[in-house]
**Student:** 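Just dropping this structure here.
For clarity, every value in this text was computed on a predicted model and none was experimentally measured. Below, read A as the first sequence line, B as the second, and so on, with proteins coming before strands; counting in each chain starts at 1.
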Amino acid sequence: MNSEIITRFAPSPTGYLHIGGARTALFNWLFSKNQNGKMLLRIEDTDKTRSTKEAIDAILFGMEWLGLNWDDDVIFQSQQIDRHKEVAYKLLDSNNAYYCYCTQIELDEMRKKAASEGKSPKYNGKWRDKTPNESDKTVKPVLRIKTSETGSTLLDDLVQGQVHFKNDQLDDFVLLRSDGSPTYMLASVVDDFDMGVTDIIRGDDHLTNAARQSQIYDAMQWRKPRTSHIPLIYGIDGNKLSKRHGAMAIGDYKNMGYLPETIINYLVRLGWSHGNQEFFTVGEMIDLFKIEKVNKSPSRLDFKKLTNMNSNYIKSKDNNDILTIIKDHHQNLNIKIKDGDIYNQILTIIPSLKEKSKTINDLIELSSYLTRDDDEITVKNELLDINNQATNKHLTGIVNIIKNIKNWNIIEIENSIKSYIDDNDIKLFELAQPLRIVLTGSTVSIGIYDIITSLGKNAVINRVNKYLKN
RNA sequence: GUCCCCAUCGUCUAGUGGUUAGGACGCUGGCCUCUCAAGCCGGAAACAGGGGUUCAAGUCCCCUUGGGGACACCA
């Protein structure tokens, strides 16, 4: 008895892998892993004019980045066309399909008429029982399925529950286009069958397609796979995802500084939960995931929560892993590091960096005072509104103190600065803030002692002196 | 328009007839503080509306309203 679970993720390469597609892939992956099954990847590229190589690459890259590995080789639907046709002709031979000679104009009018009569704008079955005469044969026909006109189709969906459709609502959809190419409706059923798919997990925009496709299974007398139609994700405003709110390619999330584990963890909590638990390791997700627990209601994308989750993952990451991530991003951002020793300096401040960073971009920004040359630190006067004689006096004073520090370590540095402010009866803020701005070019940074320690004596003196000269 | 699905704080959600309706993000008051965060201690914030069923309803049923999806020679 072969009871292996096989799922598939079947994106069409007409756009990039967006966040909703990523979640569908994730649910497929978790479902199959949970049951020691397989997840296959099928690229639905039957629409040759809209499919692109770039989109395929983006999908594969996105899945790899997220760690959603698929089993076996990638299947390209376009390579199975002969098989799709074969099934179509079997359907024709068994009187479950027929040629339709309607023109596009004819179909448009048919739909307009149905709409004006308050009926569903489906194909009216004009050619179901007709044989074409000579004049009809000037148009190239499509092959349509002959759906049952009576009875009803029951869908027993793992997420949606039992859903009934009256068969008279189902239209005779197209199997083969007039150029002989198979449609998605046909191709995906044939491929799912041939691939031995036991469970289809896809967006609930396919729910009615499931009822329609079930006609093909019945006509072929094929065993139907179980289905799970998961709700879609919307933007924060409740509308369909668009460029405006994050339907960007999954790679864009990488560029925005999100960790793949953040994305995975955030997505799994959209529509699925395990009590009040917010954070899951991948292993926990696999163990706990049950498709039946997925909600039926759609959810919205919330970047605030995503960002919060990311900051938590950054904090929990190993220092050396963070360093590796910083290095990768420097490469991506084309930030040139002249001296390899800078990474040793960065490593020392990673504990502080992690505490203040919500994204990888924050890590980069907060450590940029180390990756930039002394000359590249510019102090805008509006930043230094405490720019006055007293400030300059203290900056001069502190340079002299720093020059005399013998053991360059954070304790020594902190003690020296503290005694300076005590001696001069000023608040730490009055010295630390100007110093911060002069040393980093920013009003926001990690702790001032960390800055000074990591920068090294020469750089500190150079940067302060450079400022004082101007 | 027809059919299908959905409905707990602003958002993600817990809840499976008896709960002070819980958590997380966000918002907010305070503490801490060299900046910004973080952290710690508090706070406001929800069962869409109306009918049933029941001793008892966020939980079950019906209607209304409001969202969403499908209705292509796209996938």
**Student:** Which value, in whole Å, describes the distance between the P atoms of nucleotides B:U54 and B:C61?
**Tutor:**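 Straight-line distance between the two P atoms is 16 Å.
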**Student:** Checking base pairs now: Watson-Crick or wobble, both atom distances under 3.5 Å. What partners B:A7?
**Tutor:**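 Checking every strand shown, B:A7 finds its partner in B:U65, with both distances under 3.5 Å.
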**Student:** Would you mind building the protein contact string for nucleotides 28-34 of chain B? One character per nucleotide, 5' to 3', B for base within reach (heavy atoms under 4.0 Å), S for sugar-phosphate only, - for untouched.
**Tutor:** ------B
**Student:** Roughly how many Å is it from CD in A:Gln162 to P in B:C5, rounded to a whole number?
**Tutor:**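 Those two atoms, CD and P, are 11 Å apart.
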**Student:** Does any N or O in the side chain of A:Asn310 come within less than 3.5 Å of the main-chain N or O of A:Gly257, such that one atom is a donor and the other an acceptor?
**Tutor:**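 Pair found, side chain donor or acceptor close to backbone of A:Gly257.
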**Student:** I'd like the C1' distance from B:G22 over to B:A46, given in whole Å.
**Tutor:**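 My reading of the C1' atoms in B:A46 and B:G22 gives 12 Å.
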**Student:** Are the aromatic rings of A:Tyr313 and A:Phe279 close, with centres under 6.0 Å apart?
**Tutor:**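 Between A:Tyr313 and A:Phe279, the centre distance is under 6.0 Å.
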**Student:** Taking B:G51 as the reference, what is the distance to B:G10 when you measure between their P atoms (whole Å, please)?
**Tutor:**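 24 Å, rounded to whole Å.
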**Student:** Counting Watson-Crick and G-U wobble pairs only, both distances under 3.5 Å, name the nucleotide matched with B:G1, or none.
**Tutor:**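 The base-pairing partner of B:G1, which may sit in any strand shown, is B:C71.
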**Student:** OG of A:Ser299 to CG of A:Leu270: how many Å apart, nearest 0.5 Å?
**Tutor:**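 Rounded to the nearest 0.5 Å, the OG-CG separation comes to 3.5 Å.
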**Student:** Looking at A:Arg8, A:Arg226, A:His229, A:Lys224, which hits side chain to side chain contact (heavy atoms under 4.5 Å, CB included) with A:Ile200?
**Tutor:**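 For A:Ile200, the side chain to side chain contact (heavy atoms under 4.5 Å, CB included) check succeeds only for A:Arg8.
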**Student:** Roughly how far apart, to the nearest Å, are B:G58 and B:A37 at atom P?
**Tutor:**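 About 41 Å, rounded to a whole number of Å.
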**Student:** Report the residue from A:Val142, A:Leu176, A:Leu92 that forms a side chain to side chain contact (heavy atoms under 4.5 Å, CB included) with A:Tyr99.
**Tutor:**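 With A:Tyr99 as partner, A:Val142, A:Leu176, A:Leu92 yield a single side chain to side chain contact (heavy atoms under 4.5 Å, CB included), made by A:Leu92.
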**Student:** B:A70 C1' sits how many Å from A:Gln160 CD, rounded?
**Tutor:**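 So the two atoms are 13 Å apart, to the nearest Å.
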**Student:** Please tabulate the protein-to-nucleotide N/O contacts below 3.5 Å involving nucleotides 72-75 of chain B, giving atom names and distances.
**Tutor:**
{"unit_1": "B:A72", "atom_1": "OP2", "unit_2": "A:Arg111", "atom_2": "NE", "d": "2.6"}
{"unit_1": "B:A72", "atom_1": "OP2", "unit_2": "A:Pro121", "atom_2": "O", "d": "3.2"}
{"unit_1": "B:C73", "atom_1": "O2", "unit_2": "A:Ser178", "atom_2": "N", "d": "3.0"}
{"unit_1": "B:C73", "atom_1": "O2", "unit_2": "A:Ser178", "atom_2": "OG", "d": "2.9"}
{"unit_1": "B:C73", "atom_1": "N3", "unit_2": "A:Ser178", "atom_2": "OG", "d": "2.9"}
{"unit_1": "B:C74", "atom_1": "OP1", "unit_2": "A:Arg177", "atom_2": "NE", "d": "3.3"}
{"unit_1": "B:C74", "atom_1": "OP2", "unit_2": "A:Arg177", "atom_2": "NE", "d": "2.0"}
{"unit_1": "B:C74", "atom_1": "OP2", "unit_2": "A:Arg177", "atom_2": "NH2", "d": "2.7"}
{"unit_1": "B:C74", "atom_1": "O3'", "unit_2": "A:Arg177", "atom_2": "NH2", "d": "3.2"}
{"unit_1": "B:C74", "atom_1": "O2'", "unit_2": "A:Asp47", "atom_2": "OD2", "d": "3.1"}
{"unit_1": "B:C74", "atom_1": "O2'", "unit_2": "A:Arg50", "atom_2": "NH2", "d": "2.7"}
{"unit_1": "B:A75", "atom_1": "OP1", "unit_2": "A:Thr46", "atom_2": "OG1", "d": "3.0"}
{"unit_1": "B:A75", "atom_1": "OP1", "unit_2": "A:Arg177", "atom_2": "NH2", "d": "2.4"}
{"unit_1": "B:A75", "atom_1": "OP2", "unit_2": "A:Arg177", "atom_2": "NH2", "d": "2.8"}
{"unit_1": "B:A75", "atom_1": "OP2", "unit_2": "A:Tyr184", "atom_2": "N", "d": "3.1"}
{"unit_1": "B:A75", "atom_1": "O3'", "unit_2": "A:Glu44", "atom_2": "O", "d": "3.3"}
{"unit_1": "B:A75", "atom_1": "O3'", "unit_2": "A:Glu44", "atom_2": "OE1", "d": "3.2"}
{"unit_1": "B:A75", "atom_1": "O2'", "unit_2": "A:Ser12", "atom_2": "OG", "d": "3.2"}
{"unit_1": "B:A75", "atom_1": "N6", "unit_2": "A:Asn209", "atom_2": "ND2", "d": "3.3"}
{"unit_1": "B:A75", "atom_1": "N1", "unit_2": "A:Asn209", "atom_2": "ND2", "d": "3.1"}

**Student:** How do A:His164 and A:Thr208 order along RNA chain B: which one's closest nucleotide is nearer the 5' end?
**Tutor:**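 First, find each residue's nearest nucleotide; the 5'-ward one identifies A:His164.
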**Student:** Using the P atom on both, measure B:A57 against B:U19 and round to a whole Å.
**Tutor:**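 Those two atoms are separated by 10 Å.
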**Student:** What is the distance, to the nearest angstrom, from the OH atom on A:Tyr369 to the P atom on B:U35?
**Tutor:**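 These atoms are roughly 17 Å apart.
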**Student:** Please list, chain by chain and in numerical order, all residues satisfying side chain to side chain contact (heavy atoms under 4.5 Å, CB included) with A:Asp423, sequence neighbours excluded.
**Tutor:**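 Expected list: none.
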**Student:** Please name all residues satisfying ring pair (Phe, Tyr, Trp, His ring centres under 6.0 Å) with A:Phe280, sequence neighbours left out, ordered by chain then number.
**Tutor:**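 Checked A:Phe280 against ring pair (Phe, Tyr, Trp, His ring centres under 6.0 Å); matches are A:Trp272.
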**Student:** Taking atom C1' in both B:U53 and B:C71, compute the distance separating them and give it to the nearest angstrom.
**Tutor:**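 So the two C1' atoms sit 37 Å from each other.
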**Student:** Less than 4.5 Å apart, any side-chain heavy atom of A:Asn319 and any of A:Lys354?
**Tutor:**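 A:Asn319 reaches A:Lys354 side chain to side chain.
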**Student:** Given the C1' atoms of B:U59 and B:U2, what is the spacing between them in whole Å?
**Tutor:**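 Approximately 32 Å lies between the C1' atom of B:U59 and that of B:U2.
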**Student:** In the 5'-to-3' direction, what one-character label does each nucleotide of nucleotides 38-49 of chain B receive under the scheme B = base within less than 4.0 Å of a protein heavy atom, S = sugar-phosphate only, - = no such atom?
**Tutor:** S-----------
**Student:** Among residues two or more places apart or on two chains, list those pairs meeting salt bridge (Lys or Arg N to Asp or Glu O under 4.0 Å) that have a residue in residues 155-170 of chain A.
**Tutor:**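 Matches after skipping sequence neighbours: none remain.
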**Student:** With rounding to the closest Å, how many angstrom separate the C1' atoms on B:A21 and B:C47?
**Tutor:**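 Taking atom C1' in both B:A21 and B:C47, they lie 8 Å apart.
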**Student:** Only pairs with both distances under 3.5 Å count, Watson-Crick or wobble alike; so what is the partner of B:A21 in this structure?
**Tutor:**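 Partner of B:A21: none found under 3.5 Å.
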**Student:** What is the distance from CD of A:Gln277 to C1' of B:C25, rounded to the nearest Å?
**Tutor:**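 It is 16 Å, rounded to the nearest whole Å.
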**Student:** Rounded to the nearest angstrom, tell me the gap between atom NZ in A:Lys304 and atom P in B:G10.
**Tutor:**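 Taking atom P of B:G10 as the reference, NZ of A:Lys304 is at 15 Å.
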**Student:** I'd like to compare against my own output: the B/S/- annotation of nucleotides 13-23 of chain B with a strict under-4.0 Å heavy-atom distance to protein.
**Tutor:** SSS------BB
**Student:** Suppose the criterion is salt bridge (Lys or Arg N to Asp or Glu O under 4.0 Å): which pairs have a residue in residues 359-369 of chain A, not counting sequence neighbours?
**Tutor:**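 For residues 359-369 of chain A: none.
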**Student:** Got a sec, which residues hit side chain to side chain contact (heavy atoms under 4.5 Å, CB included) with A:Ile377, two or more places apart in sequence or on another chain?
**Tutor:**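 Side chain to side chain contact (heavy atoms under 4.5 Å, CB included) check on A:Ile377 returns A:Arg372, A:Arg463.
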**Student:** Taking a pair as Watson-Crick or G-U wobble with both distances under 3.5 Å, which nucleotide is matched to B:G42?
**Tutor:**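 In the structure as shown, B:G42 has B:U28 as its Watson-Crick or wobble partner.
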**Student:** For A:Asn124, enumerate each residue passing the side chain to side chain contact (heavy atoms under 4.5 Å, CB included) test, keeping only those at least two apart in sequence or located in another chain.
**Tutor:**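 Per chain and number, A:Asn124 pairs via side chain to side chain contact (heavy atoms under 4.5 Å, CB included) with A:Met110, A:Lys126.
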**Student:** Take atom NE2 of A:His329 as the centre, draw a 6.0 Å sphere, and report whether it contains more than 12 heavy atoms from other residues, nucleotides or ligands.
**Tutor:**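 Counting neighbours around NE2 of A:His329, more than 12 heavy atoms of other residues, nucleotides or ligands fall under 6.0 Å, so yes.
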**Student:** With sequence neighbours excluded, what pairs up with A:Asn415 under the side chain to side chain donor-acceptor pair (under 3.5 Å) test?
**Tutor:**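 Applying side chain to side chain donor-acceptor pair (under 3.5 Å) to A:Asn415 gives none.
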**Student:** Can you tell me the distance, in whole Å, between the CD1 atom of A:Ile233 and the P atom of B:G69?
**Tutor:**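 Nearest whole value for this atom pair: 14 Å.
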**Student:** Without decimals, in angstroms, what is the distance between A:Asp302 CG and B:G26 P?
**Tutor:**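 Going from CG in A:Asp302 over to P in B:G26 covers 9 Å.
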**Student:** Rounded to the Å, how far apart are A:Leu353 CG and B:A37 P?
**Tutor:**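 Rounding to the nearest Å, CG of A:Leu353 and P of B:A37 are 17 Å apart.
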**Student:** Please identify each residue that fulfils side chain to side chain contact (heavy atoms under 4.5 Å, CB included) with A:Asn34, with sequence neighbours left out.
**Tutor:**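 Side chain to side chain contact (heavy atoms under 4.5 Å, CB included) check on A:Asn34 returns A:Lys290.
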